[in-house]
Amino acid sequence: MEAIYDVEVTTGSMTHAGTFDNIFITLIGTQGVSERAKLDSYGRDFKTGMKVKYKVITRFTLANLLLIRLEKDNLMFLPENDWFCSLVNVRTPEKDVIHFPCYRWMAEGEVIELREAKATQIYEEKYSQLKEHRKNELKLNKQVKNYDIIWWFCYYNLLIIEYVQLHWMDDDFFGYQLLNGSNPMMLRRCTELPLNFAVTNGMVQPFLESGTSLTLEMKQGNIFLCDYKRLADLPTQFINGKQQYVAAPLCLLYKNQVGKLLPIAIQLQQQASEDNPVFLPSDSEYDWQLAKLCVRNADCLEHQASFYLRTHLAETFTVSLMRNLPAAHPIHKLLVPHTRYTLQINTLIRNRLLGPVGAVTQSTSIGDEGMTNLIKKALSDLTYSSLCLPEDISDRGLQSIPNFFYRDDGLRLWSFINDFVRSMVEFYYQSDSDVQQDTELQDWIKEIFIHGFLEQSSTGIPQCFSTVEEVIKCVTMVIFTVSAQHSALRAGQFDYGSWFPNAPGSLKQPPPTSKGSSDKNTLLDILPDMNTSAYLVSVFWLLSKPSSDLVPLGQYPEDYFCQMAPQKKIRDFQAELSFFSESINDRNKGLQVPYTYMCPDNISNSVSI
């Protein structure tokens, strides 16, 4: 007895998702396989965003439907064009509706097989046509003649940009940026002075509250340190025929009684010596500003090489995900929305921003060789705990410092993501033994350890999963890194770097080796050339620019999960994020400098720029 299967096919809604080509389907069940059937409703079947219904007739019922097979053949007289299939729903003769989410592109001659997806999808990386303009923007024009380009870009977030221009020389704003600027990753509590830092209690006593001392303030948790030791001994390059320079500073900061974080001592090179003095706020105005400018240069380089690029390690998790977790795997579908565009954007970064002719390397003092060495140093220092925000904040001793919005917003987001991941993971893994017996999951984390972290057990990255808790923590870390952490280190680059003296990528003169000889001209002479600064600022603008097709954190346009329980957990997660966005917006109304970089409405689900 023949059986009729009602098939509904949905084409994606993005630009150029449709096709004129022939699409064929085969149904595969526990008791048989249908004949290969052409999907044809005698019209344009696969327009962008269209849903079309078909009937597939078999000689007998196929019983439980296991798979569907889709095939794409090019029409001979038309140019080849890919097709994005979003979803196939099949209504069986038994009146069951079975979902086969696809969410991938199909090329000419391609054959794909989709499993029933109560909780899974197939996924393929393909760069949206809406992203093509980003490729062109990355082909930056290096022949910028003046700083006019900087002001062309100043059409958004003028409040912060203008504040930076007015206050970049202020000590309290210098400290504020280390908490809430584009790089909140360098600061840590100082409980003991490094042996190579020649600062003494007598030097900084005038800048502390009366009746206290440096030793006492360190015990009370009020002294902090930024140590840029990774910059020591890096090679530098010539720009515009001129030798460039870099410092490797140590910067000591003090949290005073009103909660302001103030720099109180700066040593510009790692080894203490007579020609490496400790600069103090009591030095001449230009000596002190020159020292702080060298720190800002060092911070800019560390931000680009050590921390911002670290979020692009999403590639490690993405490649292992695609290689080891099948589309039907719950962790695959949980993480795959957070891999959108990652591989493509990393390829563009390698080709356009890094390397010998990259926009970043050509506009920074350390160039390609120095940048490569700095990245290697940073990756050798990378640990699992540094990727997990609660542990990173604790390890750096920053739990109680006030007005630290990166920490406050970040910990709330980590908690929301962790709760969401916990609810999803525990839905699929009822016991630790379920985790231990999941060979595909074990292969995923093992490959990350081997190829992403080079089998270095000192990093703390898991080599395998033994418990449900370990899976929850790792998946939380991945989602947080590619979304919230990436946003915190990306979105503020133009706000804080468009006023180029606040984030110079290079120094045109060597860091000072003595005090008392600097003036305004000294400060101007050390800044990079106009075209070099404008070139780097244009990079900041590009990288800070919101994506034209942003998918915010927690939003899942593709229905990767078809079961009601996971769908409810997603809705609950979205509700929490929406409420948190409102609370951040309310808080920011009372701030001179709003902190928006971890507002869920502004955070992309993935590393997409």
Side-chain angles (χ1 to χ4, degrees), residues 1-12 22-41 45-46 51-72 83-104 106 110-124 321-322 324-336 424-431 433-435 437-441 443 556 558-570:
M1 179 178 177
E2 72 177 21
I4 299 176
Y5 291 83
D6 295 314
V7 177
E8 181 184 70
V9 179
T10 303
T11 296
N22 293 321
I23 304 297
F24 298 86
I25 190 169
T26 305
L27 308 181
I28 303 169
T30 55
Q31 293 185 8
V33 178
S34 74
E35 293 183 359
R36 179 175 181 261
K38 180 181 178 181
L39 298 177
D40 189 355
S41 63
D45 292 274
F46 307 108
K51 291 183 180 180
V52 182
K53 295 182 178 180
Y54 308 90
K55 291 188 182 297
V56 174
I57 301 174
T58 61
R59 288 179 293 172
F60 47 82
T61 181
L62 305 177
N64 295 329
L65 206 55
L66 300 176
L67 298 169
I68 64 171
R69 180 183 299 130
L70 296 177
E71 302 173 60
K72 179 176 178 292
W83 174 53
F84 189 90
C85 176
S86 290
L87 179 66
V88 179
N89 293 328
V90 179
R91 184 180 177 87
T92 68
E94 295 78 23
K95 309 305 180 185
D96 295 322
V97 177
I98 303 174
H99 305 284
F100 296 90
C102 180
Y103 298 105
R104 66 170 292 173
M106 289 188 68
E110 188 169 358
V111 178
I112 60 174
E113 291 184 345
L114 307 178
R115 301 190 209 180
E116 176 189 1
K118 291 179 180 178
T120 184
Q121 276 10 4
I122 304 271
Y123 174 86
E124 178 183 279
L321 183 79
M322 300 304 175
N324 294 293
L325 294 182
H329 199 285
I331 301 301
H332 179 104
K333 66 185 174 185
L334 182 59
L335 287 179
V336 79
M424 298 293 274
V425 170
E426 289 181 347
F427 181 76
Y428 294 101
Y429 296 92
Q430 278 74 49
S431 68
S433 62
D434 290 343
V435 169
Q437 295 170 19
D438 187 340
T439 57
E440 293 164 336
L441 182 66
D443 288 343
Y556 301 102
E558 294 88 7
D559 295 325
Y560 289 104
F561 293 91
C562 298
Q563 293 166 294
M564 292 181 63
Q567 288 178 345
K568 182 181 184 303
K569 297 176 194 301
I570 290 173

Ring-ring centroid check Phe561 Tyr556, cutoff 6.0 Å: no
Minimum heavy-atom distance Glu426-Gln430, with the two atoms named: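 Scanning both residues, the minimum pair turns out to be O-NE2, 3.3 Å.
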Glu110 and Lys72 ion-paired at < 4.0 Å: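 Salt bridge: no.
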Test: Glu558 and Arg104 ion pair at under 4.0 Å: no
Is the closest side-chain heavy-atom distance between [X] and [Y] below 4.5 Å?
X: Tyr429; Y: Asp438; value: yes
X: Val7; Y: Asn89; value: no
X: Ile28; Y: Arg69; value: yes
X: Pro330; Y: His332; value: no
X: Phe24; Y: Leu39; value: no

Can you tell me if [X] and [Y] form a side-chain donor-acceptor pair at under 3.5 Å?
X: Thr61; Y: Glu2; answer: no
X: Asp434; Y: Tyr428; answer: no
X: Asp40; Y: Tyr54; answer: no

Qualifying salt bridge (Lys or Arg N to Asp or Glu O under 4.0 Å) pairs with a residue from residues 51-64, counting only residues at least two apart or across chains: Asp6-Lys55
Quick check for you: to the nearest 0.5 Å, what is the distance between [X] atom [atom1] and [Y] atom [atom2]?
X: Ile4; Y: Arg91; atom1: CD1; atom2: CZ; answer: 12.0 Å
X: Tyr103; Y: Thr10; atom1: OH; atom2: OG1; answer: 7.5 Å
X: Asp443; Y: Asn324; atom1: CG; atom2: CG; answer: 5.0 Å
X: Glu94; Y: Leu65; atom1: CD; atom2: CG; answer: 9.5 Å
X: Leu70; Y: Ile23; atom1: CG; atom2: CD1; answer: 7.5 Å

Chi angles and distances behind the side-chain contact (heavy atoms from CB on, under 4.5 Å) call for Glu8, Val52: CA-CA 6 Å; Glu8 181 184 70; Val52 182; over 6 Å; no
Exam field: side chain His99 to backbone Pro101, donor-acceptor pair closer than 3.5 Å: no
Pair Ile57-Tyr5, side-chain contact (heavy atoms from CB on, under 4.5 Å): steps then yes or no: CA-CA 6 Å; Ile57 301 174; Tyr5 291 83; over 6 Å; no
Cut-off 3.5 Å, no hydrogens considered: what does the side-chain donor-acceptor table look like for residues 29-36, sequence neighbours left out?
{"unit_1": "Thr30", "atom_1": "OG1", "unit_2": "Asn64", "atom_2": "N", "d": "3.2"}
{"unit_1": "Ser34", "atom_1": "OG", "unit_2": "Leu27", "atom_2": "N", "d": "2.8"}
{"unit_1": "Arg36", "atom_1": "NE", "unit_2": "Glu71", "atom_2": "OE1", "d": "3.2"}
{"unit_1": "Arg36", "atom_1": "NE", "unit_2": "Glu71", "atom_2": "OE2", "d": "3.2"}
{"unit_1": "Arg36", "atom_1": "NH2", "unit_2": "Asp73", "atom_2": "OD2", "d": "3.2"}

Step-by-step side-chain contact (heavy atoms from CB on, under 4.5 Å) determination, Phe84 to Thr11: CA-CA 6 Å; Phe84 189 90; Thr11 296; 5.5 Å; no
